[in-house]
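So the structure is just underneath, and the comments pick up after that.
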Amino acid sequence: MTPRQADHPIDPLFLERWSPRAFDGSDIPDADLAAIFEAARWAPSAFNSQPWRFLYARRGDENWQRFLGLLIPWNQGWAHSASVLVYILSDTLPMTGRDGTPKESRTHSFDAGAAWVSLALQATRMGYHAHGMSGIDYELARAELGVPERCRIEAACVIGRIGDPAILDEKQRAREHPSDRKPQSEFVFAGAFPR
Ligand SMILES: Cc1cc2nc3c(=O)[nH]c(=O)nc-3n(C[C@H](O)[C@H](O)[C@H](O)COP(=O)(O)O)c2cc1C
């Protein structure tokens with residue numbers, strides 16, 4: 001497998017982050033997990049409103065099976081080997097209006113996305129991998145996790161140390177490699193949107 005090649009020089013961390021499905025299930029020390037969430041904490045957000053919320057379970061704790069059961073079957077099929085499963089939420093009303101009432105932020109999801117990628121990059125820097133997932137039963141997750149109306153469930157992710165691809169089924173194993181990207185010419189434009 002050819003290693004990822006950037007078209008322009010970037011910090012290797014961006015290429016080292018990828019989304020494996022085989023994890024070794026080893027425990028993540030509390031201090032490491034706290035550091036991973038700390039990186040998310042320092043993400044930028046509109047008006048510093050910090051709308052991200054994280055709900056997590058550790059492999060084998062009292063919430064683990066319940067958290068796992070909120071993923072679609074495909075994701076359950078591999079995520080069970082990870083060490084931590086996180087639901088990433090955003091508060092749609094993270095600010096306070098002049099009259100003291102909660103105020104909507106247009107960018108609550110965007111800001112939560114910034115926090116998620118900070119988390120993922122910090123995990124990579126520490127020798128872990130994070131794998132994002134939108135394959136969730138969102139309705140069930142809202143009920144099971146007691147998510148208030150004002151919060152949006154954005155996605156989930158697992159975190160862990162990479163494992164032996166041999167634990168995966170054939171379909172999963174075939175995808176167990178870092179992916180490539182479109183060239184910049186397809187998504188970066190000088191000036192207005194191209195016609
Ligand atoms: C928001 C989000 C949702 C995703 N949902 C899933 C998912 O449900 N199941 C899955 O196997 N991978 C999922 N992925 C992983 C993507 O397929 C992966 O990030 C993408 O193919 C790029 O590969 P890389 O992360 O290895 O660079 C998700 C990633 C993100 C960021």
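Not measured: the values here are computed from a predicted model. In each ligand, atom 1 is the first atom listed, and ligand 1 is the first ligand listed. Count residues from 1 along the sequence. Computed over heavy atoms, backbone and side chain alike; hydrogens, waters and symmetry mates excluded.
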- Query: Any idea how Y87 and F67 line up, ring-wise: parallel (<30°), tilted (30 to 60°), or perpendicular (>60°)?
  - Reply: perpendicular

Residues with a heavy atom under 4.0 Å from ligand 1, by chain and number, are R4, R17, W18, S19, R21, W74, N75, W78, H131, G132, M133, S134, G135, S179, R181

Contacts of E38 meeting side-chain hydrogen bond (donor to acceptor under 3.5 Å, both in side chains) (sequence neighbours excluded), chain-then-number -> R41, W42

Let's go through V84 and Y128 carefully: what are the C-alpha distance in whole Å and the side-chain angles of both, what is the deciding distance for side chain to side chain contact (heavy atoms under 4.5 Å, CB included) to 0.1 Å, and is it a yes or a no? CA-CA 11 Å; V84 173; Y128 299 100; over 6 Å; no

Given the options P51, P102, S49, L93 meets side-chain contact (heavy atoms from CB on, under 4.5 Å) only with P102

Sorted by chain and number, sequence neighbours left out, side-chain hydrogen bond (donor to acceptor under 3.5 Å, both in side chains) with T101 holds for D99

Residues passing the salt bridge (charged side-chain N to carboxylate O under 4.0 Å, His left out) test with R152, sequence neighbours excluded, are E154

